[in-house]
Protein chains: 2
Amino acid sequence: MKLSNYSKIFKALSNEQRLNIFMMVYKQCCVPKGGKESSCCPGGGSVRGAFTKTCGCMDLSKSTISHHFKELQNAGLITCEREGQTFRCRINEEAVDSIKKFFE
Amino acid sequence: MKLSNYSKIFKALSNEQRLNIFMMVYKQCCVPKGGKESSCCPGGGSVRGAFTKTCGCMDLSKSTISHHFKELQNAGLITCEREGQTFRCRINEEAVDSIKKFFE
DNA sequence: TCTATTATTCGATAACATTCGAACTATATA
DNA sequence: TATATAGTTCGAATGTTATCGAATAATAGA
């Protein structure tokens, strides 16, 4: 992976609000081994209605939150797929693995 | 470690030039186990004349490079100590460990 | 097809980042 | 003490990012 891709990833995580969004998705996607699945993640590994949830618990306008989701997607950190009126979000494990490798 | 500290670290690494500087220090500080020490790192773990070296291999003005070193220090990623006319740089292992933990 | 809900796009604005060159400070050495 | 080398600070130009509200588009359901 090129250095410029890494800097893109770090840029996406450099804004505190956006990092917060990333973390909410990240935590909910990581069903601990042997642990219970959370209600938002049937099947584990993805978050239903991530955007709506985020709007509900962050003090930012919808448009700003939409922008932050786009940035996280552009950096390759998450993927989102439409599911009716809302979106289902998933962490891109590859990106996370790349970061881990970066610091080895 | 607070989320805002993480975003500071990621911000420091979000600029490609700065990431480049960080990597040069990082690589030179990490003497592989059983490997030879590099000439810049007698004793291992630190880089002698890091600023001067960086100036020599990056297409940026001294003042800009100085600024980037400051940013890396402010984020707690590296420390620099004067050594005569030049500086000796060291990676802050704690910061790196924090990032690793962040993605566990 | 009408309406409510959900999310995106647009245009504006304010704040912040990157970069430079010039002037300056710190240190070593002749 | 004069000079060379190394690095910092300052002010300015330029570019990028975060944020909002309003207008718009997509979807579900009545």
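Just so you know, these numbers use all the heavy atoms, side chains as well, and skip hydrogens, waters and symmetry mates. Each chain gets a letter, A, B and so on, in the order its sequence line appears, and its residues count up from 1.
Under 4.0 angstrom from either OP1 or OP2 of D:dT17 there lies no side-chain N or O belonging to A:Asn15. Using a 4.0 Å cut-off, some side-chain N or O of B:Ser66 falls inside it from OP1 or OP2 of D:dT8. A:Ser63 has no side-chain polar atom (N or O) that falls below the 4.0 Å cut-off from OP1 or OP2 of D:dT19. For D:dA18, one of the phosphate oxygens OP1 or OP2 lies less than 4.0 angstrom from a side-chain nitrogen or oxygen of A:Arg18. Contact annotation: B:His67 side-chain N/O to C:dT19 OP1/OP2 distance is not under 4.0 Å.
Below 30°, between 30° and 60°, or above 60°: for A:Phe10 and B:Phe10 the angle between ring planes is below 30°, a parallel geometry. Between B:Phe103 and A:Tyr26, the ring planes lie perpendicular to each other; the angle is over 60°, past the 30° to 60° tilted range.
The separation between B:Phe69 atom CZ and C:dT19 atom P is 14 Å, rounded to whole Å. The interatomic distance linking B:His68 (NE2) with D:dT8 (C1') rounds to 15 Å, in whole Å. We find that CZ of B:Phe51 is positioned 8 Å from C1' of D:dA6, with the value rounded to whole Å. B:Lys70 has its NZ atom 8 Å from the C1' atom of D:dG7, to the nearest Å. Rounded to an integer number of Å, the gap from CD of B:Glu83 to C1' of C:dA28 is 14 Å. To the nearest angstrom, P of D:dG7 lies 13 Å from CD1 of B:Ile21. Between the CG atom of A:Asp59 and the C1' atom of D:dC20 there is a distance of 12 Å, rounded to whole Å. The nearest whole Å value for the distance from the CD atom in B:Glu16 to the C1' atom in D:dT16 is 15 Å.
A donor-acceptor contact under 3.5 angstrom links the side chains of B:Thr64 and B:Ser61, judged on distance only. A:Thr79 and A:Arg90 share no side-chain donor-acceptor pair at under 3.5 Å.
With the nearest nucleotide of DNA chain D identified for both A:Ile65 and B:Ala50, B:Ala50 has the one nearer the 5' end.
B:Ile21 and A:Tyr6 fall within the same hydrophobic cluster, where Ile, Leu, Val, Met, Phe, Trp and Tyr residues are linked whenever their side-chain heavy atoms come under 4.5 Å apart, directly or through other members.
Contacts of A:Thr86 with the nucleic acid, taken as non-hydrogen atoms under 4.0 Å apart, involve only primed sugar atoms and P, OP1 or OP2. Heavy atoms of B:Gln17 sit under 4.0 angstrom from primed sugar atoms or phosphate atoms, though from no base atom.
With hydrogens and angles ignored, no donor-acceptor pair closer than 3.5 Å exists between the side chain of B:Ser61 and the base of C:dG21. The base of C:dT27 is paired with the side chain of B:Gln85 by a donor and an acceptor separated by under 3.5 Å.
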